[in-house]
Amino acid sequence: MNAPGITEPTEAIARARAGDAEAWGELYRDYAPAIFRFCRRALPTREDAEDATMEIFMKLKAKLVQYDATRSFSAWLYKVSANHCWDMLRRRKIRQDKETDDLENVPLEHPDPGQLERLIEQRTSAEVRKALDKLGGRARMALVMRYYSDMSYDEIADALGVRRAFVGVVLLRARHELRQALEGNAALAAGGTS
Amino acid sequence: MSNTPEEKMKHLDEMTLLLYIERQLDRARALEISAHTQECDSCRTLLRAMERESRLLTRAMLEEDEPLPSRLAQFQERARKSMQWIWGVAFGLAATGVYAFYTEYIELWLKQLETAGFGGTNLLGLLIFQGTLWKGWQSMITLLEVLAMVTLGGLAAMFFRRRIRRGSALALVFAGLCTVLAMPQGASATEIRHEERLTIAKDEVIHGDLYAAGGRIRVEGTVEGDLVVAGGDIEISGHVLGDVLSSSGNLRVTGQVDGSVRCYAGNLLLKGKIGRNVMVAGGDINIDRDTKIGGSVTSFAGHETIDGHVGRDVLAMGGQVTITGDIQGSAKIRSGELIIDSSARVGGPIDFTSDNAPQVSSGAKLASPVHYEKPKHREDYHNVHYYIWQVIWTAAYVLFGLVLFALMPKFSADAVKAAVNYGASAGLGVLVGFGLPIAACIACVTVVGLFVGLATLSLWYGSLYFGAVIIGAVVGQWLMGRTSELWPLIGRMAVGVVIVRLFTIIPHVGWVFKYGAAFWGIGAISLVVYRRFQPVIAPSVPSAPYSPPLPPNTTVGGAVPA
């Protein structure tokens with residue numbers, strides 16, 4: 001789970017921990033683009049993403065001592081980023097009450113596979129990104145954590161403050177929201193067969 | 001849909017398929033799903049569609065659709081550049097200071113000395129103690145004050161740099177400024193006046209403190225609080241019930257001050273009544289015959305004449321001190337010359353340190369003879385005691401370093417690493433090494449308060465020793481290699497301290513190593529302190545756990561790959 005094309009920067013981390021500004025700059029240059037994209041996907045506006053990226057890196061400076069060098073640096077970095085973004089969203093009360101209701105009523109049905117297949121075939125990456133903007137905070141956050149930074153269910157549960165058992169529910173609900181945004185097809189989004 | 005209700009009942013639900021794709025099902029269940037999708041077209045198609053959905057999501061998210069904004073691209077660069085700016089200022093200030101000092105003083109003195117036919121044998125003594133040549137007090141003070149103010153301003157700017165990003169903080173700063181600006185207009189007890197020619201008339205009464213600045217200031221009236229005044233030419237002929245704090249070219253106190261007088265002045269004339277103490281730094285100080293000082297006198301001056309009455313002790317350092325008046329307490333004097341006239345009366349012991357013997361008139365009424373001591377200028381390299389003391393000092397340094405490294409391992413290690421950043425730490429060393437004590441001295445005699453000033457001065461003094469220890473560690477690392485562990489670092493520090501101390505005892509140039517190491521070290525410490533001062537955002541508050549009820553018939557959990 002590295003930032004694309006980057007191997008674990010063990011030496012740079014050790015130097016940055018010791019206060020080496022150059023090493024810190026190295027880490028920033030290598031990871032800032034990935035973290036910015038993470039924030040860009042997770043947060044509503046570009047400005048939010050820029051602010052969050054800077055704040056995450058400032059936070060990292062202080063938190064770097066807590067990093068366990070035996071584990072993946074980028075995984076840890078994404079975890080810190082996810083916590084930061086989710087906190088940001090929570091502070092703005094973007095998480096709506098509606099989202100909590102959704103979890104209780106996930107339909108366990110079998111949607112029309114053909115219809116879903118057609119929808120996926122017809123949509124481009126750009127359209128998916130645009131649709132992401134229409135999602136609720138938690139749904140969006142869950143999708144970004146899972147499909148951008150490849151975080152585990154445990155990590156997602158921890159970041160979102162839900163039980164691990166419900167991470168799948170959150171993700172499925174998020175997919176439904178996304179399909180709805182892509183198609184405007186309530187029936188499909190609800191997961192029901194026609 | 002083509003599925004009959006019976007068939008539909010057998011189909012897998014979407015939740016199960018998602019967990020299967022995400023490898024969240026236990027092995028047995030995953031095998032069941034796998035077997036079912038081999039046989040069931042509809043479930044297989046749905047499974048593939050969902051897998052494609054996952055891939056589409058990942059692709060959409062990972063695609064680099066926009067470059068890193070320039071604000072972010074420059075974020076690190078800007079931070080680095082801002083530091084460079086600070087180093088630029090530090091070196092610029094140091095260079096300006098050295099240039100100004102040379103052109104304003106050294107060159108001038110050298111010319112005067114040449115004309116007067118002086119050799120260079122006791123140049124330092126002449127430069128420091130000969131009042132006739134020490135006419136540059138005022139501009140010297142101004143230069144140093146500017147330096148100190150820049151240091152303080154720089155520190156404040158560093159402190160607020162991040163904070164003013166937020167609108168609320170900015171509003172707070174503006175509100176604060178407005179409050180400060182509005183204060184003089186309010187019914188406050190403090191009055192602030194700034195005029196080129198300012199006169200507080202004889203019948204005028206200031207009910208509270210007066211802050212005054214101007215070219216020519218006359219205080220003929222009454223100030224019921226403290227008088228804080230800065231100007232070219234100041235005369236206080238009225239009555240100040242509080243203290244007088246002054247920085248000026250000329251200051252004459254011919255009236256009455258019930259509190260203390262603390263001042264810088266090129267020329268100071270005291271002719272009135274001072275209720276408490278006098279603390280003064282200046283070129284020429286005259287305590288006139290009519291003066292009555294209730295407390296003690298502490299002075300640093302080129303020329304000082306004490307002709308009046310001093311209720312307690314006198315501590316004087318300077319070029320020439322003449323006592324013709326009455327000192328009730330003791331006198332400690334370290335100056336080029338001491339003249340005690342026949343009219344003088346000193347109630348306590350007199351300690352005098354100088355190259356020149358005191359000139360004491362036989363008519364003077366002294367409680368005890370002057371205790372005269374010649375200062376030692378040179379180290380006695382032939383005396384074994386000197387070397388014993390050097391060993392003791394070195395051991396003390398190592399011990400001091402050991403304690404500090406053990407108490408603050410991270411800070412010390414950071415400081416050692418910062419010291420390797422030669423340019424930055426040396427530059428900051430010059431700035432803080434010179435600026436901080438000046439700022440502290442200013443704090444001592446101005447409104448900020450004696451306590452803050454003395455505390456800062458002590459901190460600075462301690463940091464000089466700590467700085468030397470840090471540089472010892474750097475030298476040790478040069479010889480024995482770098483380390484990030486505590487005890488090996490302490491070992492290197494000990495070796496390095498011994499080497500640095502050896503360099504400091506080299507005749508004539510030893511002091512360069514001594515002070516160079518201390519200032520370089522203080523720069524490294526300041527650098528670490530600066531880095532620590534960078535604002536840290538509070539760690540995120542953990543989200544409140546949310547646990548909705550489990551949806552019926554949902555199989556979740558288990559991370560065994562399918």
Worksheet entry | Donor-acceptor under 3.5 Å (A/Tyr148 side chain, B/Ala60 main chain) | no
Is [Y] close to [X] at the side-chain level, that is, under 4.5 Å between some pair of heavy atoms?
| X | Y | value |
| --- | --- | --- |
| B/Met61 | A/Leu132 | yes |
| B/Glu53 | A/Arg179 | yes |
| A/Glu121 | B/Arg52 | yes |

Atom pair [atom1] ([X]) and [atom2] ([Y]), whose distance is rounded to the nearest 0.5 Å:
| X | Y | atom1 | atom2 | result |
| --- | --- | --- | --- | --- |
| B/Arg48 | A/Leu116 | CZ | CG | 13.5 Å |
| B/Arg59 | A/Arg129 | CZ | CZ | 10.0 Å |
| B/Leu68 | A/Arg37 | CG | CZ | 9.0 Å |

Worksheet item: Can you find a side-chain donor-acceptor pair between B/Ser54 and A/Arg146 that sits under 3.5 Å?
Response: no
Discussion item. For B/Gln24 and A/Tyr153, which I'm curious about, is there any donor-acceptor pair between the side chains at under 3.5 Å?
Written reply: no
Discussion item. I'd like to know which of A/Arg40, A/Arg175, A/Glu117 tops the heavy-atom pair count under 4.5 Å against chain B.
Written reply: A/Arg175
What closest approach, in Å, do [X] and [Y] show between heavy atoms, and which atom pair accounts for it?
| X | Y | result |
| --- | --- | --- |
| B/Leu19 | A/Gly168 | CD2-CA, 4.2 Å |
| B/Leu56 | A/Val128 | CD2-CG2, 3.5 Å |
| B/Ala49 | A/Pro113 | CB-O, 4.3 Å |

Discussion item. Counting heavy-atom pairs closer than 4.5 Å to chain A, which one of B/Asp414, B/Leu46, B/Leu47, B/Val420 comes out on top?
Written reply: B/Leu46
With a 4.5 angstrom heavy-atom cut-off, which part of [X] approaches chain B: side chain, backbone, both or neither?
| X | result |
| --- | --- |
| A/Glu47 | backbone |
| A/Val65 | side chain |
| A/Arg17 | backbone |
| A/Arg118 | neither |

Worksheet item: Going through the checks in order, is the side-chain contact (heavy atoms from CB on, under 4.5 Å) test met by B/Leu72 and A/Tyr28?
Response: CA-CA 10 Å; B/Leu72 289 182; A/Tyr28 181 84; 3.7 Å; yes
Practice prompt. Check step by step if side-chain contact (heavy atoms from CB on, under 4.5 Å) holds for A/Leu178 and B/Leu57.
Written response: CA-CA 10 Å; A/Leu178 186 77; B/Leu57 268 165; 3.6 Å; yes
Worksheet item: Is it true that atom NZ of A/Lys130 has more than 12 heavy atoms of other residues, nucleotides or ligands lying nearer than 6.0 Å?
Response: no
